[in-house]
There are 2 protein chains.
Amino acid sequence: MKKETDVYSDDEVKLARFAKALSHPARIQIMKLLASQNSCFCGNIAGYLPLSQSTVSQHLKELKDAGLIIANVKQPKIYYCICKENWDMAKKFLDALFEKKACEIC
Amino acid sequence: MKKETDVYSDDEVKLARFAKALSHPARIQIMKLLASQNSCFCGNIAGYLPLSQSTVSQHLKELKDAGLIIANVKQPKIYYCICKENWDMAKKFLDALFEKKACEIC
DNA sequence: AATATTCATCGTATATTTACGATATACGTG
DNA sequence: CACGTATATCGTAAATATACGATGAATATT
C-alpha cells in the first residue's frame, strides 16, 4: 500500500491527526478541562471522567503524541497543558478548511 | 459500560463525531474537493484519491453518517455536497473549543 | 528502609476502522 | 431486453482503538 506521504499533503495528514486526537468525547473533555484552568491543570483528570486512571493515561498519551498537549514533570506530579504552538496550528488548518464555502445548491 | 449520553454532553459527543469524520486524510481531501467546487461535486471522487471506488464509497458514507455531507440522487449519478447546517455547527463547536486559552505557563 | 503517591505501561479482550475485490442495485441507452 | 454506468454493499483480512486491572517506576514522606 502507498505510504500516506506519497499521496496526501503534509498539512492534510497533520490536520487528520489533530482531528483524530479530538475524535473521542473523553479527549474533548480533557482538552476543555486543560483549557479551563488558568494555570496548568495537574493530575487527577481521571476524577473528572468516567474512566479508569489507566484509560485516562492512554488518552493523555494520544493527545501528547498528536502534539496537542505537553507533559510537564514536577515530581511526583505531572502537569499537562495545551501546546499553544500546535493548538494554534490546528486552529489555523481547521479555519482554512472551514473557510471554504459549502455548496449552496443542495 | 456506561452509555456516552450518561457521561458526555451532547455537544461533546457531536464534536467528537465531527472530528472523527475528519480524522482521516482521505476524508479531509474529500471535504476539500467538495468545498472547492462551486457547484455540487459529482461522482468520480475516487479518481482524485489513491483509493478504490468501494473504499471511497465507505469514506463518503462515514462523512454522510456524521452529517457533514448530503447525497443528492440525480440518476444515474449521485451528487455529494457539504451539509451547510452541520458544517456550520462543527465550525461553531470547534471555534468554541479553540477560543479557550492555552496555558501560558508551560 | 518502608510506605504512599502519582503516573505510565503491560497484558488482554473486544470493537471499530481501513482497505480491497466481488457482487448487487438502479437506471439509462442502444 | 441486454448492456454500460454509477454507486452501494458484502465478505474478509489486517490494523488500530478502547477499556480495564495489574504491575512497574520514580519520588516524597514517615
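Each chain gets a letter, A, B and so on, in the order its sequence line appears, and its residues count up from 1. Everything numeric here is computed off the predicted structure, so don't read it as measured data.
Among the heavy atoms of the strands lying under 4.0 Å from A:Glu62 are primed sugar atoms or P, OP1, OP2 only; no base atom is included.
Between B:Ile69 atom CD1 and D:dA8 atom C1' the separation is 13 Å, expressed in whole Å. One atom, CD1 of B:Ile70, and another, P of D:dT7, lie 17 Å apart when rounded to the nearest Å. Rounding to whole angstrom units, CG of residue B:Leu22 and P of C:dT17 are separated by 14 Å. With rounding to whole Å, A:Asn72 atom CG is found 17 Å from C:dT6 atom P. In this structure, the CG atom of B:Leu51 is 11 Å from the P atom of C:dG21, given to the nearest Å. In this entry the distance linking CD of A:Gln29 with C1' of D:dT18 reads 16 Å, nearest Å. The NZ-C1' distance, from A:Lys61 to C:dA8, rounds to 9 Å in whole Å. B:Tyr79 has its OH atom 13 Å from the C1' atom of D:dT7, to the nearest Å.
Mapping A:Gln53 and A:Ser23 onto DNA chain D via the closest heavy atom, the residue that lands nearer the 5' end is A:Ser23. Mapping A:Ala71 and B:Gln58 onto DNA chain C via the closest heavy atom, the residue that lands nearer the 5' end is A:Ala71.
Remark: A:Thr55 is not in phosphate contact with D:dA19, judged by side-chain N or O atoms under 4.0 Å from OP1 or OP2. Residue B:Lys20 places at least one side-chain N or O closer than 4.0 Å to OP1 or OP2 of C:dT17. Between D:dA17 and A:His59, no contact under 4.0 Å exists linking OP1 or OP2 to a side-chain N or O. For A:Ser52, a side-chain nitrogen or oxygen approaches OP1 or OP2 of D:dC20 to under 4.0 Å.
Side-chain atoms of B:Asn86 never come within 3.5 Å of backbone atoms of B:Leu68 as a donor-acceptor pair (strictly under, hydrogens ignored). No side-chain donor-acceptor contact under 3.5 Å links A:Arg27 to the backbone of A:Leu22. Side-chain N or O atoms of A:Arg17 include none that pairs as donor or acceptor with a backbone N or O of A:Ala66 at under 3.5 Å.
The side chain of B:Ile78 approaches D:dA8 more closely than any other nucleotide in the set D:dA8, C:dT17, C:dT18. Listed candidates were C:dG21, C:dA8, D:dA8. Nearest to the side chain of B:Ser54 is C:dG21. Side chain of A:His24, nearest nucleotide from C:dC7, D:dT18, D:dC20: D:dT18.
Shortest non-hydrogen contact noted between A:Ser23 and B:Lys20 is CB-CA, 3.5 Å.
A donor and an acceptor atom, one from each side chain of B:Ser52 and B:Thr55, are located under 3.5 Å apart.
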